[in-house]
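Take a look at the structure below.
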Amino acid sequence: AELRALGSGTHYAKVTGNITLENDAYFIINGTLTLDLNGHTITYAPPAEKCVGQSVFRCEDNANFTLMDSKGGGKITFAHLGETYTGTGTEAGETPYSRAYAVGVRKNSTFTMKGGTIENFGNTSDFGATVYVNPLNASNHPSFNMEGGVIQNCQTNPSQGSGAAVWARGTNATVNISGGTIQNCNAGNNGGAIYACGARVNITGGQILNCSAQSGGAIYAENYSSTTTDTAQGPSNVTISGSAKISGNRAGTYGKGGA
């Protein structure tokens, strides 16, 4: 079920108690929202099979979503990390892992993380596990700005998936990290913390600690080339400067690029 109370216009919302999202509920943001976790927890806990491909927050059109935590200790967490379920339909005969994203940043939207913790999200597809930045077409310019807070303990399937914390595709997708911490995230393929496929990544501060992947323990960047025209194509552009700290990350036995 889509929860559209946070629609067009400008909104400030403070969480006043712990929240559990059940069934297949999620938030769609179309306007400007500042969400203050206020020391509380939002738990994403639909039945394992119903959260497949869903995100707790989906930023659409020209949305501007800011996450903060004025009290400290607030978090957004996924209840089913590592759990499996009995597949039906196209997954019949399989035992898939449960998976969900925390924030989907689509079209011309912007997600700014100033505080709070996002943890325990997981995915098994090519998309990342926590924040994914996807323009959907060549004319859009979505962005993720991490200024504070923590993304931790997120992972893709052990045998596939890239960008456990941040996944971004297309030369018109941008990731800016000036503060905060990404730690203890793991991707089965590429980019334990960040996977950039033709995207721009600017890191001027913050920390990326103890993340791992088969290749690119912290960051994996590659050219985006596709037979479709859904997103602007070209090489990734990654810059690291300022007070940024990248430490303790590692690649797999047959991979490369621990940092």
Side-chain angles (χ1 to χ4, degrees), residues 2-13 25-36 53-68 76 100-116 118 121 123 125-149 151 162-163 165-180 182 191 193-204 206 219 221-239:
E2 301 173 1
L3 305 178
R4 291 181 173 270
L6 307 176
S8 61
T10 300
H11 306 269
Y12 170 83
Y26 57 92
F27 295 97
I28 288 185
I29 302 169
N30 291 302
T32 297
L33 169 68
T34 297
L35 179 66
D36 182 357
Q54 299 292 353
S55 54
V56 183
F57 296 93
R58 182 178 297 173
C59 304
E60 298 282 4
D61 300 322
N62 296 301
N64 283 283
F65 175 37
T66 299
L67 181 68
M68 60 175 289
I76 300 172
Y101 316 108
V103 183
V105 187
R106 296 148 51 96
K107 299 181 181 178
N108 280 311
S109 62
T110 298
F111 170 44
T112 300
M113 186 172 182
K114 293 179 176 290
I118 300 176
F121 280 83
N123 198 9
S125 71
D126 289 336
F127 293 114
T130 310
V131 177
Y132 76 92
V133 186
N134 190 352
L136 298 182
N137 65 53
S139 63
N140 293 326
H141 295 81
S143 60
F144 169 48
N145 305 312
M146 188 170 185
E147 301 175 2
I151 298 175
S162 298
V166 182
W167 181 100
R169 184 176 71 182
T171 58
N172 46 344
T174 302
V175 176
N176 299 307
I177 298 178
S178 59
I182 299 174
I194 300 170
Y195 172 72
C197 183
R200 293 178 294 171
V201 179
N202 308 304
I203 303 176
T204 58
I219 304 166
E222 65 180 354
N223 181 74
Y224 177 48
S225 178
S226 173
T227 57
T228 67
T229 58
D230 60 338
T231 303
Q233 302 177 39
S236 293
N237 186 327
V238 178
T239 61

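These values consider heavy atoms only, across backbone and side chains, with no hydrogens, waters or symmetry-generated copies. All residue numbers refer to positions in the sequence shown, counting from 1.
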### Query
Is I182 close to I177 at the side-chain level, that is, under 4.5 Å between some pair of heavy atoms?
yes
### Query
Judged by atom type as modelled, is there a donor-acceptor pair below 3.5 Å linking the side chain of N108 to the main-chain atoms of N62?
no
### Rounded distance (nearest 0.5 Å) linking atom OH of Y195 with atom CD1 of I219
14.0 Å
### Query
Does any non-hydrogen side-chain atom of N237 lie less than 4.5 Å from one of T239?
yes
### Task
Would you check if V103 and M113 make a side-chain contact, meaning some heavy-atom pair closer than 4.5 Å?
no
### Message
A side-chain contact here means heavy atoms from C-beta on lying under 4.5 Å apart; do F121 and V56 qualify?
### Response
yes
### Query
Has the side chain of T171 got a donor or acceptor atom that lies under 3.5 Å from a matching backbone atom of G234?
no
### Message
Can you confirm whether V166 sits close enough to M146 that some side-chain heavy atom of one is under 4.5 Å from a side-chain heavy atom of the other?
### Response
no
### Message
For a quick check under 3.5 Å, do N137 and S139 share a side-chain donor-acceptor pair by atom type?
### Response
yes
### Summary
Residue pairs meeting salt bridge (charged side-chain N to carboxylate O under 4.0 Å, His left out), one or both in residues 135-149, sequence neighbours left out, come to K114-E147
### Task
Classify the angle between the aromatic ring planes of Y132 and Y101 as parallel (below 30°), tilted (30 to 60°) or perpendicular (above 60°).
tilted
### Query
Hey, does the side chain of S236 reach the backbone of E222 with a donor-acceptor pair shorter than 3.5 angstrom?
yes
#### Entry: Check: L67 and I76 side chains under 4.5 Å, non-hydrogen atoms
yes
### Query
Can you name the closest pair of heavy atoms from S143 and V133 and give their distance?
N-CG1, 4.2 Å
### Nearest atoms (heavy-atom pairs only) where A138 meets N172
O-ND2, 3.3 Å
### Query
Just by modelled atom types, is the L136 backbone N or O under 3.5 Å from a matching donor or acceptor in the N134 side chain?
yes
## Note on the structure
Shortest non-hydrogen pair, V131 vs V105, comes out as CG1-CG2, 4.0 Å
### Message
For a quick test of reading the model, state the closest non-hydrogen atom pair linking C59 to S109 and the distance between them.
### Response
O-OG, 3.3 Å
#### Entry: Worked check of side-chain hydrogen bond (donor to acceptor under 3.5 Å, both in side chains) between T66 and T112
CA-CA 5 Å; T66 299; T112 300; 4.5 Å; no
### Message
So, taking the atom named CD1 in I118 and the one named CD1 in I151, what distance separates them when rounded to the nearest 0.5 Å?
### Response
5.0 Å
#### Entry: Spacing of F144 atom CZ and T174 atom OG1 [to the nearest 0.5 Å]
12.5 Å
### Atom pair CZ/CG of F111 and N64 - distance to nearest 0.5 Å
12.0 Å
## Note on the structure
Heavy-atom nearest pair, T130 first then A165, reads CB-O, 3.2 Å
#### Entry: For E60, side-chain contact (heavy atoms from CB on, under 4.5 Å) partners two or more places apart
I28, N30, R58, R106, K107
### Task
Taking all heavy atoms of Y224 and all of Q233, pick out the closest pair and write down the distance.
O-CB, 3.2 Å
